[in-house]
A.B. asks: 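This is the structure, below, for whatever I ask next.
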Number of protein chains: 2
Amino acid sequence: MIAPALTKNQTLVFDVLSHSDGPLSAYTILDKLRDHGFRAPLQVYRALDKLLERGMIHRLESLNAFVACAHQEKACCGAHGHGTVAFAICESCGHVVEFHDHAVDHRLDDWAKQRKFKPAKTTIEIRGLCETCSA
Amino acid sequence: MIAPALTKNQTLVFDVLSHSDGPLSAYTILDKLRDHGFRAPLQVYRALDKLLERGMIHRLESLNAFVACAHQEKACCGAHGHGTVAFAICESCGHVVEFHDHAVDHRLDDWAKQRKFKPAKTTIEIRGLCETCSA
DNA sequence: CTGAGACTGTAATGTTATTACATCAATTGC
DNA sequence: GCAATTGATGTAATAACATTACAGTCTCAG
(Lines give C-alpha, C1' and ligand atoms only; values in the text may rest on other atoms or scores of the structure.)
Protein backbone atom coordinates (compact mmCIF):
# COMPACT_ATOMS: atom_id res chain seq x y z
CA MET A 1 0.00 0.00 0.00
CA ILE A 2 1.99 2.89 -1.34
CA ALA A 3 0.73 6.34 -0.54
CA PRO A 4 -0.03 8.41 -3.61
CA ALA A 5 2.03 11.51 -4.28
CA LEU A 6 0.94 14.76 -2.74
CA THR A 7 -1.03 17.10 -4.92
CA LYS A 8 0.26 20.55 -5.70
CA ASN A 9 -1.76 22.25 -2.96
CA GLN A 10 -0.89 19.61 -0.40
CA THR A 11 2.80 20.02 -1.25
CA LEU A 12 2.64 23.78 -0.93
CA VAL A 13 0.94 23.61 2.46
CA PHE A 14 3.27 20.93 3.74
CA ASP A 15 6.32 22.89 2.62
CA VAL A 16 5.16 25.99 4.42
CA LEU A 17 4.62 24.01 7.60
CA SER A 18 7.85 22.09 7.47
CA HIS A 19 9.90 25.20 6.85
CA SER A 20 8.27 27.06 9.68
CA ASP A 21 9.93 27.06 13.08
CA GLY A 22 6.62 27.05 14.88
CA PRO A 23 2.95 26.23 14.55
CA LEU A 24 0.92 28.12 11.97
CA SER A 25 -2.78 28.81 11.77
CA ALA A 26 -4.69 27.95 8.62
CA TYR A 27 -5.06 31.62 7.81
CA THR A 28 -1.37 32.31 8.26
CA ILE A 29 -0.67 29.52 5.81
CA LEU A 30 -3.18 31.04 3.44
CA ASP A 31 -1.41 34.37 3.58
CA LYS A 32 1.95 32.76 2.90
CA LEU A 33 0.51 31.05 -0.16
CA ARG A 34 -1.28 33.97 -1.76
CA ASP A 35 1.62 34.40 -4.14
CA HIS A 36 1.17 30.80 -5.21
CA GLY A 37 -2.43 31.37 -6.14
CA PHE A 38 -4.22 30.55 -2.92
CA ARG A 39 -7.27 32.70 -2.48
CA ALA A 40 -9.63 30.97 -0.07
CA PRO A 41 -9.41 29.21 3.31
CA LEU A 42 -10.86 26.04 1.90
CA GLN A 43 -7.81 25.46 -0.24
CA VAL A 44 -5.77 25.35 2.93
CA TYR A 45 -8.21 23.33 5.00
CA ARG A 46 -8.56 20.69 2.31
CA ALA A 47 -4.82 20.21 2.09
CA LEU A 48 -4.50 20.18 5.88
CA ASP A 49 -7.13 17.45 6.14
CA LYS A 50 -5.24 15.19 3.77
CA LEU A 51 -1.93 15.83 5.48
CA LEU A 52 -3.50 15.07 8.85
CA GLU A 53 -4.90 11.80 7.49
CA ARG A 54 -1.42 10.79 6.46
CA GLY A 55 0.06 11.79 9.77
CA MET A 56 2.45 14.21 8.09
CA ILE A 57 1.23 17.08 10.19
CA HIS A 58 -0.46 17.51 13.55
CA ARG A 59 -3.11 19.82 14.80
CA LEU A 60 -2.55 21.64 18.09
CA GLU A 61 -6.04 21.85 19.54
CA SER A 62 -5.19 24.39 22.17
CA LEU A 63 -3.78 26.80 19.58
CA ASN A 64 -5.97 26.12 16.56
CA ALA A 65 -2.75 25.69 14.68
CA PHE A 66 -0.77 23.10 12.78
CA VAL A 67 2.79 21.77 12.78
CA ALA A 68 4.72 19.39 10.57
CA CYS A 69 5.33 16.04 12.22
CA ALA A 70 8.72 16.04 13.87
CA HIS A 71 9.59 12.68 12.33
CA GLN A 72 10.31 14.24 9.01
CA GLU A 73 9.40 12.64 5.74
CA LYS A 74 8.36 9.31 7.20
CA ALA A 75 4.62 9.42 7.77
CA CYS A 76 5.67 7.65 10.92
CA CYS A 77 2.91 8.84 13.18
CA GLY A 78 0.05 7.98 10.93
CA ALA A 79 -1.97 4.82 10.73
CA HIS A 80 1.12 2.70 11.39
CA GLY A 81 2.50 5.10 13.95
CA HIS A 82 3.72 4.59 17.47
CA GLY A 83 0.80 5.72 19.49
CA THR A 84 -0.26 9.11 20.64
CA VAL A 85 1.69 12.24 20.00
CA ALA A 86 2.16 14.70 22.82
CA PHE A 87 3.28 18.31 22.67
CA ALA A 88 4.97 20.77 24.96
CA ILE A 89 4.13 24.29 23.87
CA CYS A 90 6.01 27.32 25.17
CA GLU A 91 3.60 30.17 25.73
CA SER A 92 6.42 32.69 25.63
CA CYS A 93 8.41 31.84 22.51
CA GLY A 94 5.85 29.68 20.77
CA HIS A 95 8.25 26.80 20.40
CA VAL A 96 6.72 23.34 20.25
CA VAL A 97 8.34 20.02 21.12
CA GLU A 98 6.70 16.83 19.95
CA PHE A 99 7.22 13.69 21.97
CA HIS A 100 5.88 10.21 22.51
CA ASP A 101 5.57 8.47 25.80
CA HIS A 102 4.70 4.85 25.70
CA ALA A 103 3.90 4.65 29.40
CA VAL A 104 1.36 7.44 29.14
CA ASP A 105 -0.20 5.82 26.07
CA HIS A 106 -0.43 2.53 27.85
CA ARG A 107 -2.00 4.06 30.89
CA LEU A 108 -4.65 5.86 28.88
CA ASP A 109 -5.32 2.70 26.88
CA ASP A 110 -5.86 0.83 30.12
CA TRP A 111 -8.30 3.40 31.30
CA ALA A 112 -10.18 3.16 28.00
CA LYS A 113 -10.24 -0.65 28.08
CA GLN A 114 -11.66 -0.68 31.56
CA ARG A 115 -14.48 1.64 30.53
CA LYS A 116 -14.89 -0.07 27.17
CA PHE A 117 -14.24 3.27 25.56
CA LYS A 118 -12.89 3.06 21.98
CA PRO A 119 -10.32 5.82 21.47
CA ALA A 120 -10.10 7.36 18.02
CA LYS A 121 -7.78 10.27 18.63
CA THR A 122 -6.02 11.44 21.75
CA THR A 123 -4.78 14.95 22.39
CA ILE A 124 -2.03 15.69 24.89
CA GLU A 125 -0.73 19.23 25.08
CA ILE A 126 1.32 20.76 27.86
CA ARG A 127 1.40 24.52 27.82
CA GLY A 128 3.99 26.33 29.84
CA LEU A 129 7.46 27.81 29.60
CA CYS A 130 10.42 26.18 27.92
CA GLU A 131 13.80 26.07 29.62
CA THR A 132 15.08 29.14 27.79
CA CYS A 133 12.04 31.29 28.49
CA SER A 134 11.74 30.38 32.17
CA ALA A 135 15.39 31.23 32.87
CA MET B 1 -8.15 32.69 51.75
CA ILE B 2 -11.86 32.45 51.18
CA ALA B 3 -13.07 32.69 47.63
CA PRO B 4 -15.46 35.58 47.07
CA ALA B 5 -19.02 34.78 46.06
CA LEU B 6 -19.83 34.41 42.42
CA THR B 7 -21.32 37.41 40.70
CA LYS B 8 -24.72 37.24 39.11
CA ASN B 9 -23.40 36.53 35.62
CA GLN B 10 -20.94 33.95 36.86
CA THR B 11 -23.71 32.18 38.74
CA LEU B 12 -25.98 32.13 35.70
CA VAL B 13 -23.28 30.68 33.48
CA PHE B 14 -22.23 28.11 36.04
CA ASP B 15 -25.82 27.02 36.58
CA VAL B 16 -26.37 26.50 32.89
CA LEU B 17 -23.23 24.39 32.65
CA SER B 18 -23.86 22.33 35.71
CA HIS B 19 -27.41 21.52 34.69
CA SER B 20 -26.36 20.49 31.21
CA ASP B 21 -25.69 16.86 30.48
CA GLY B 22 -22.91 17.66 28.06
CA PRO B 23 -20.42 20.30 27.02
CA LEU B 24 -21.73 23.64 25.79
CA SER B 25 -20.16 26.24 23.55
CA ALA B 26 -20.00 29.84 24.71
CA TYR B 27 -22.61 30.80 22.14
CA THR B 28 -24.98 28.06 23.22
CA ILE B 29 -24.70 29.36 26.76
CA LEU B 30 -25.37 32.84 25.47
CA ASP B 31 -28.57 31.66 23.78
CA LYS B 32 -29.73 29.94 26.93
CA LEU B 33 -29.22 33.13 28.90
CA ARG B 34 -30.89 35.61 26.58
CA ASP B 35 -33.97 35.50 28.76
CA HIS B 36 -31.82 36.49 31.70
CA GLY B 37 -30.57 39.60 29.96
CA PHE B 38 -27.48 38.31 28.22
CA ARG B 39 -26.95 40.05 24.91
CA ALA B 40 -23.30 39.72 23.96
CA PRO B 41 -20.64 36.97 23.86
CA LEU B 42 -18.38 38.91 26.14
CA GLN B 43 -20.77 38.51 29.03
CA VAL B 44 -20.37 34.77 28.68
CA TYR B 45 -16.63 34.75 28.07
CA ARG B 46 -15.93 36.93 31.07
CA ALA B 47 -17.88 34.64 33.34
CA LEU B 48 -16.24 31.56 31.83
CA ASP B 49 -12.79 33.03 32.47
CA LYS B 50 -13.50 33.51 36.14
CA LEU B 51 -15.03 30.07 36.52
CA LEU B 52 -12.01 28.53 34.79
CA GLU B 53 -9.69 30.39 37.15
CA ARG B 54 -11.49 28.86 40.09
CA GLY B 55 -11.45 25.40 38.56
CA MET B 56 -15.22 25.18 38.69
CA ILE B 57 -15.45 24.46 35.00
CA HIS B 58 -13.16 23.05 32.36
CA ARG B 59 -12.58 23.90 28.76
CA LEU B 60 -12.53 21.11 26.19
CA GLU B 61 -9.96 22.31 23.69
CA SER B 62 -10.86 19.85 21.00
CA LEU B 63 -14.51 20.94 21.05
CA ASN B 64 -14.22 24.62 21.88
CA ALA B 65 -16.72 23.93 24.60
CA PHE B 66 -17.06 24.00 28.36
CA VAL B 67 -18.23 21.62 31.09
CA ALA B 68 -18.81 21.96 34.80
CA CYS B 69 -16.17 20.21 36.86
CA ALA B 70 -17.33 16.72 37.76
CA HIS B 71 -16.32 17.23 41.39
CA GLN B 72 -19.33 19.33 42.11
CA GLU B 73 -19.29 22.29 44.41
CA LYS B 74 -15.79 21.75 45.71
CA ALA B 75 -13.43 23.79 43.56
CA CYS B 76 -11.38 20.67 43.94
CA CYS B 77 -9.55 20.84 40.66
CA GLY B 78 -8.41 24.39 40.98
CA ALA B 79 -5.27 25.74 42.50
CA HIS B 80 -5.39 23.13 45.23
CA GLY B 81 -6.54 20.38 42.92
CA HIS B 82 -5.20 16.93 42.29
CA GLY B 83 -3.29 17.40 39.12
CA THR B 84 -4.33 17.36 35.54
CA VAL B 85 -7.84 16.63 34.41
CA ALA B 86 -8.38 14.27 31.51
CA PHE B 87 -11.48 13.74 29.43
CA ALA B 88 -12.98 10.97 27.37
CA ILE B 89 -15.35 12.44 24.81
CA CYS B 90 -17.79 10.31 22.87
CA GLU B 91 -18.03 11.55 19.28
CA SER B 92 -21.35 9.85 18.83
CA CYS B 93 -23.44 10.85 21.83
CA GLY B 94 -21.38 13.79 23.01
CA HIS B 95 -21.04 12.40 26.51
CA VAL B 96 -17.94 13.43 28.42
CA VAL B 97 -16.27 11.63 31.29
CA GLU B 98 -13.79 13.49 33.44
CA PHE B 99 -11.03 11.54 35.10
CA HIS B 100 -7.70 11.92 36.82
CA ASP B 101 -4.78 9.59 36.50
CA HIS B 102 -1.94 10.15 38.83
CA ALA B 103 0.43 7.90 36.92
CA VAL B 104 -0.07 9.86 33.71
CA ASP B 105 0.42 13.14 35.57
CA HIS B 106 3.57 11.85 37.14
CA ARG B 107 4.94 10.66 33.85
CA LEU B 108 4.30 13.97 32.13
CA ASP B 109 5.80 15.82 35.08
CA ASP B 110 8.91 13.71 34.76
CA TRP B 111 9.19 14.51 31.11
CA ALA B 112 8.83 18.21 31.88
CA LYS B 113 11.41 18.11 34.67
CA GLN B 114 13.93 16.42 32.43
CA ARG B 115 13.52 19.13 29.80
CA LYS B 116 13.26 21.87 32.41
CA PHE B 117 9.89 22.75 30.94
CA LYS B 118 7.54 24.52 33.37
CA PRO B 119 3.99 23.30 32.77
CA ALA B 120 1.18 25.78 33.27
CA LYS B 121 -1.76 23.86 31.93
CA THR B 122 -2.04 20.38 30.51
CA THR B 123 -4.76 19.18 28.18
CA ILE B 124 -5.62 15.49 27.83
CA GLU B 125 -8.62 14.60 25.71
CA ILE B 126 -9.47 11.20 24.31
CA ARG B 127 -12.03 11.29 21.54
CA GLY B 128 -13.74 8.11 20.50
CA LEU B 129 -16.82 6.04 21.20
CA CYS B 130 -18.26 5.31 24.61
CA GLU B 131 -19.31 1.81 25.57
CA THR B 132 -22.95 2.39 24.71
CA CYS B 133 -22.28 3.94 21.31
CA SER B 134 -19.74 1.35 20.19
CA ALA B 135 -22.06 -1.55 21.02
C1' DC C 1 -16.30 7.85 -24.95
C1' DT C 2 -18.15 8.11 -20.58
C1' DG C 3 -19.09 7.84 -15.87
C1' DA C 4 -16.91 7.71 -11.29
C1' DG C 5 -13.81 9.61 -8.09
C1' DA C 6 -10.56 12.86 -6.45
C1' DC C 7 -8.94 17.51 -6.57
C1' DT C 8 -9.67 22.44 -7.39
C1' DG C 9 -11.75 27.36 -7.38
C1' DT C 10 -14.92 30.71 -5.60
C1' DA C 11 -18.38 32.76 -2.81
C1' DA C 12 -20.99 32.93 1.00
C1' DT C 13 -21.83 31.84 5.51
C1' DG C 14 -21.36 29.99 10.14
C1' DT C 15 -18.89 29.66 14.52
C1' DT C 16 -15.67 31.06 18.07
C1' DA C 17 -13.20 34.77 20.45
C1' DT C 18 -11.36 39.45 21.24
C1' DT C 19 -10.73 44.58 21.23
C1' DA C 20 -12.35 49.03 22.36
C1' DC C 21 -14.88 52.08 24.91
C1' DA C 22 -18.31 53.66 28.27
C1' DT C 23 -20.63 52.95 32.68
C1' DC C 24 -21.56 51.51 37.37
C1' DA C 25 -20.64 49.92 42.10
C1' DA C 26 -17.76 48.76 45.98
C1' DT C 27 -13.38 49.67 48.43
C1' DT C 28 -9.53 52.15 50.03
C1' DG C 29 -6.71 55.89 51.62
C1' DC C 30 -6.50 60.56 52.73
C1' DG D 1 -16.61 63.10 52.74
C1' DC D 2 -14.50 62.25 48.54
C1' DA D 3 -11.00 61.32 44.91
C1' DA D 4 -8.64 57.26 43.30
C1' DT D 5 -8.54 52.60 42.41
C1' DT D 6 -10.39 48.20 41.33
C1' DG D 7 -13.50 44.96 39.46
C1' DA D 8 -17.88 43.88 37.17
C1' DT D 9 -20.98 45.11 33.52
C1' DG D 10 -23.11 46.57 28.83
C1' DT D 11 -22.73 47.31 23.95
C1' DA D 12 -20.83 47.44 19.46
C1' DA D 13 -17.66 46.22 16.28
C1' DT D 14 -14.27 43.33 14.58
C1' DA D 15 -10.99 39.53 14.28
C1' DA D 16 -9.94 34.71 13.86
C1' DC D 17 -11.17 30.08 12.75
C1' DA D 18 -13.93 26.78 9.95
C1' DT D 19 -17.61 24.91 6.92
C1' DT D 20 -21.31 24.56 3.33
C1' DA D 21 -22.70 24.85 -1.32
C1' DC D 22 -21.96 24.70 -6.00
C1' DA D 23 -19.48 24.46 -10.23
C1' DG D 24 -15.53 23.17 -12.98
C1' DT D 25 -11.38 20.10 -14.06
C1' DC D 26 -8.62 16.04 -14.47
C1' DT D 27 -7.68 11.09 -14.68
C1' DC D 28 -8.58 6.57 -15.32
C1' DA D 29 -11.13 2.14 -15.65
C1' DG D 30 -14.39 -0.05 -18.37
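Here the structure is a predicted model, which means the values were calculated and not measured.
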A.B. asks: Locate the shortest heavy-atom distance separating A:P23 from A:G94; write the atom from each residue and the value.
C.D. replies: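 So the two residues come closest at CD-O, 3.5 Å.
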A.B. asks: Identify the heavy atoms of B:V16 and B:K32 that sit nearest to each other, and give their distance.
C.D. replies: CG1-CD, 3.6 Å
A.B. asks: Using whole Å, what does the distance between atom P of nucleotide C:dA11 and atom CZ of A:R46 come to?
C.D. replies: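 Spelled out: CZ on A:R46 to P on C:dA11 is 13 Å.
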A.B. asks: Set out, line by line, the N/O atom pairs under 3.5 Å between protein and nucleotides 12-19 of chain C.
C.D. replies:
residue : atom : partner : partner atom : Å
C:dA17  : OP1  : B:R59   : NH1          : 3.2
C:dA17  : OP1  : B:R59   : NH2          : 2.2
C:dA17  : OP2  : B:Y45   : OH           : 3.0
C:dA17  : O5'  : B:Y45   : OH           : 3.4
C:dA17  : N7   : B:Y27   : OH           : 2.5
C:dA17  : N6   : B:Y27   : OH           : 3.1

A.B. asks: Taking B:T122 as the fixed residue, which of B:V104, B:L108, B:D109 is the one that meets the side chain to side chain contact (heavy atoms under 4.5 Å, CB included) rule?
C.D. replies: B:L108
A.B. asks: Distance under 4.0 Å to a non-hydrogen atom of chain A counts as contact; along DNA chain D, which nucleotides mark the start and end?
C.D. replies: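 Contact span on the strand: D:dC17 to D:dA21.
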A.B. asks: Under 4.0 Å, counting only non-hydrogen atoms across every strand here, what does B:R39 touch: a base, just sugar-phosphate, or nothing?
C.D. replies: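 The residue B:R39 makes sugar-phosphate contact but no base contact.
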A.B. asks: How about A:H58 and A:F87: are their ring centres within less than 6.0 Å of each other?
C.D. replies: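 Between A:F87 and A:H58, which both carry aromatic rings, the centre distance is below 6.0 Å.
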A.B. asks: Going by heavy atoms in the side chains, are A:S62 and A:R127 under 4.5 Å from each other?
C.D. replies: yes
A.B. asks: Are any of the side-chain nitrogens in A:R34 or A:D31 under 4.0 Å away from the carboxylate oxygens of its partner?
C.D. replies: yes
A.B. asks: Side chains of A:V97 and B:W111: does their closest heavy-atom pair fall under 4.5 Å?
C.D. replies: yes
A.B. asks: For C:dG9, does OP1 or OP2 lie under 4.0 Å from any side-chain N or O of A:Q43?
C.D. replies: yes
A.B. asks: Can you name the one residue among A:V85, A:L60, A:I89 that meets side chain to side chain contact (heavy atoms under 4.5 Å, CB included) with A:V67?
C.D. replies: A:L60
